Amino acid sequence: MDIRRMPLWVSRNATVMSNDIVKAVIEDQGEITIELSSLNIQGGRVNALSIPYFRGTGIGVLSDENTDWYKSKQRTYTAGGIYFTFPSSDEEHILTSNTYWMLRRYGSESNYGGVWRLSEMKSREENNRYHISKIDIMLPADPVLYTYIKITNTDEVDLDYNLSIHSMLSAPFLESGCLISSSSADFTAFPPNLREVAFNRLKSGQHFNDLKHCPGLRGQNIDLSYVPGPTSTYDYIMGELKRDTELGYTSIINPRQQLLYTTFFPGVGSKLSDEYLKFPNIDFSFNYLGRMDSPWALYEGGTPQVFSLTTGFGFMNHHGVFNSPMNNTLKSGESKVIVFGNGFTSFDNPRIGGGFYSVEKAEHGLVFKRTKSYAYLQCDYSFKTVINIAEKILSSNE
């Protein structure tokens, strides 16, 4: 186990956390994880996360001479990796993803032998006041980066919010032939919004329940579970979990490198107490060289430069197409906790490269099963150990 600090660019620093399997690099600015790497079956270390060519290295987008090219949006200036968005995506306000976080402490944990880091941010904006403590944890034998986030509304008025956690994936992990799966039972596609210049493959507004059978724009069937080569298209879909889903997940398999990336989180049927948020929605953004707006292209309407897949979960504004609430409220003085894990590991049996049929809970991890073949991810899917460690860190911080 190892944890240490390192400088990245001017006025930007990061924390490196690692065990014998995975390594994570978490940047202070925006609390964005820009590396979660593991060894593939050939022995090469691969970062699953995207660091797009246009990612800025300065203090922030507003001080960059190319701010107009980035549309003056911090989320494009620091795009990529694993990122947390709260309380909305409106950059006119202070958000978790467009501000600087303060690293408070980091170190090792004696009971389980893991390493951890504690960071915080505060918003003092009128009608948008909140405090967040974020703890990232890595355990010795788990190829997982665990995250515990405590949000407190410090305002005298209620705070309406949506929140989401996303992972942006790209080469060398993401390539044609990769397979996509999730725990969602109902999907629908959305058209590009006003700021996006792109062509769709999917017909928007129609529900479907299987990523292998998605309605195409020209009436054809499209298999979204399979990553194709460049299609010059960009599609965004959202899914809703069944009410009895205890553990939600999204996963991506690379058959050639025999690597599995997965995000798991408490579903709406989780047995965790009401203090913990249980999530109803997942989403995917399929950018297969399909974004023609800057900075995704060199100029507005230009040739796309980024091939990526973004997968996420949370409480999302789904415009009323699902049964789950579109907006949520954090009462004045109220706190809520988020827990989730991002796992990245290789698997020995090449048959799993053809996809798995079920995800089953074992005593100390998750089994991604294909008839008699399986891939195993050792992990704390109940989050009991993660919560225990995080609560001790927070109590000693008071």
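Everything numeric in this text was worked out from a predicted model, so none of it was measured. For the numbers below, each heavy atom of this structure counts, side chains included, while hydrogens, waters and symmetry mates do not.
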Point to revise | Joint cluster assignment, Leu103 & Ile135, ILVMFWY side-chain distance < 4.5 Å | key: no
Review point. Is Leu211 reachable from Tyr234 through a run of hydrophobic residues whose side-chain heavy atoms are each under 4.5 Å from the next?
Key: no
**Study point:** Option passing side-chain contact (heavy atoms from CB on, under 4.5 Å) with Tyr236 (candidates Asn287, Asp283, Leu202, Thr310)
**Key:** Asp283
Review point. Going only through I, L, V, M, F, W and Y residues with side-chain contacts under 4.5 Å, is there a path from Leu260 to Leu247?
Key: yes
**Study point:** Least distance between heavy atoms, Ser332 atom then Asp158 atom
**Key:** N-OD1, 3.2 Å
Review point. Is the distance between the ring centroids of Phe315 and Phe86 less than 6.0 Å?
Key: no
Practice item. Identify the two heavy atoms, one from Ala14 and one from Glu27, that lie closest to each other, and give their separation to 0.1 Å. Key: CB-CA, 3.9 Å
Check your understanding: Is there a path of hydrophobic side-chain contacts, each under 4.5 Å between heavy atoms of I, L, V, M, F, W or Y residues, that connects Leu36 with Phe173?
Key -> yes
Check your understanding: Under 4.5 Å between any side-chain heavy atoms of Leu366 and Phe368, yes or no?
Key -> yes
Check your understanding: Transitively linked via ILVMFWY side-chain contacts under 4.5 Å: Ile165 with Ile237?
Key -> yes
Point to revise | Any Cys214 side-chain heavy atom under 4.5 Å of Phe208 side chain | key: yes
Exercise for review: Please assess Lys71 against Ser294 for the test side chain to side chain contact (heavy atoms under 4.5 Å, CB included), listing each intermediate value before the final yes or no.
Suggested key: CA-CA 8 Å; Lys71 310 291 177 62; Ser294 69; 3.5 Å; yes
Check your understanding: Any luck finding a side-chain donor-acceptor pair between Arg129 and Ser123 under 3.5 Å?
Key -> no
Review point. Of Phe279, Tyr148, Phe265, which is the lone residue that meets side-chain contact (heavy atoms from CB on, under 4.5 Å) with Ile338?
Key: Phe279
Review point. How far apart are the C-alpha atoms of Lys336 and Glu275, what are their side-chain angles, what is the distance that settles it, and do they pass the salt bridge (charged side-chain N to carboxylate O under 4.0 Å, His left out) test?
Key: CA-CA 5 Å; Lys336 290 290 186 179; Glu275 178 186 7; over 6 Å; no
Review point. Of all residues at least two apart in sequence or in a different chain, which pass the side-chain contact (heavy atoms from CB on, under 4.5 Å) check with His131?
Key: Glu120, Lys122, Ser133, Thr154
**Study point:** NE2 (His364) with more than 12 external heavy atoms under 6.0 Å
**Key:** no
Exercise for review: Would you indicate whether the side-chain heavy atoms of Val197 and Trp296 approach each other to under 4.5 Å?
Suggested key: no
Review point. What do the steps show when you test Tyr276 against Ile387 for side chain to side chain contact (heavy atoms under 4.5 Å, CB included), and what is the final call?
Key: CA-CA 10 Å; Tyr276 296 89; Ile387 291 170; 3.1 Å; yes
Review point. What's the spacing between Met138 CE and Asp2 CG if we round to 0.5 Å?
Key: 10.0 Å
Point to revise | Value rounded to 0.5 Å, distance of CG in Leu259 from CD in Gln42 | key: 8.0 Å
Check your understanding: Strictly by modelled atom types, are Thr85 and His166 linked by a side-chain donor-acceptor pair under 3.5 Å?
Key -> no
Practice item. Test Met17 against Tyr106 for side chain to side chain contact (heavy atoms under 4.5 Å, CB included), laying out the working first. Key: CA-CA 10 Å; Met17 308 172 68; Tyr106 65 96; over 6 Å; no
Practice item. Determine yes or no for a side-chain-to-main-chain donor-acceptor pair under 3.5 angstrom, with His318 supplying the side chain and Ser324 the backbone. Key: yes
**Study point:** Distance under 6.0 Å and angle within 45° of ring axis: Arg370 vs Phe356
**Key:** no
Practice item. Return the set of residues passing side-chain contact (heavy atoms from CB on, under 4.5 Å) with Thr245 (not counting sequence neighbours), or none when no residue passes. Key: Leu241, Lys242
Review point. Given Phe340, which of Tyr249, Tyr146, Phe313, Phe264 fulfils the ring pair (Phe, Tyr, Trp, His ring centres under 6.0 Å) condition?
Key: Phe313
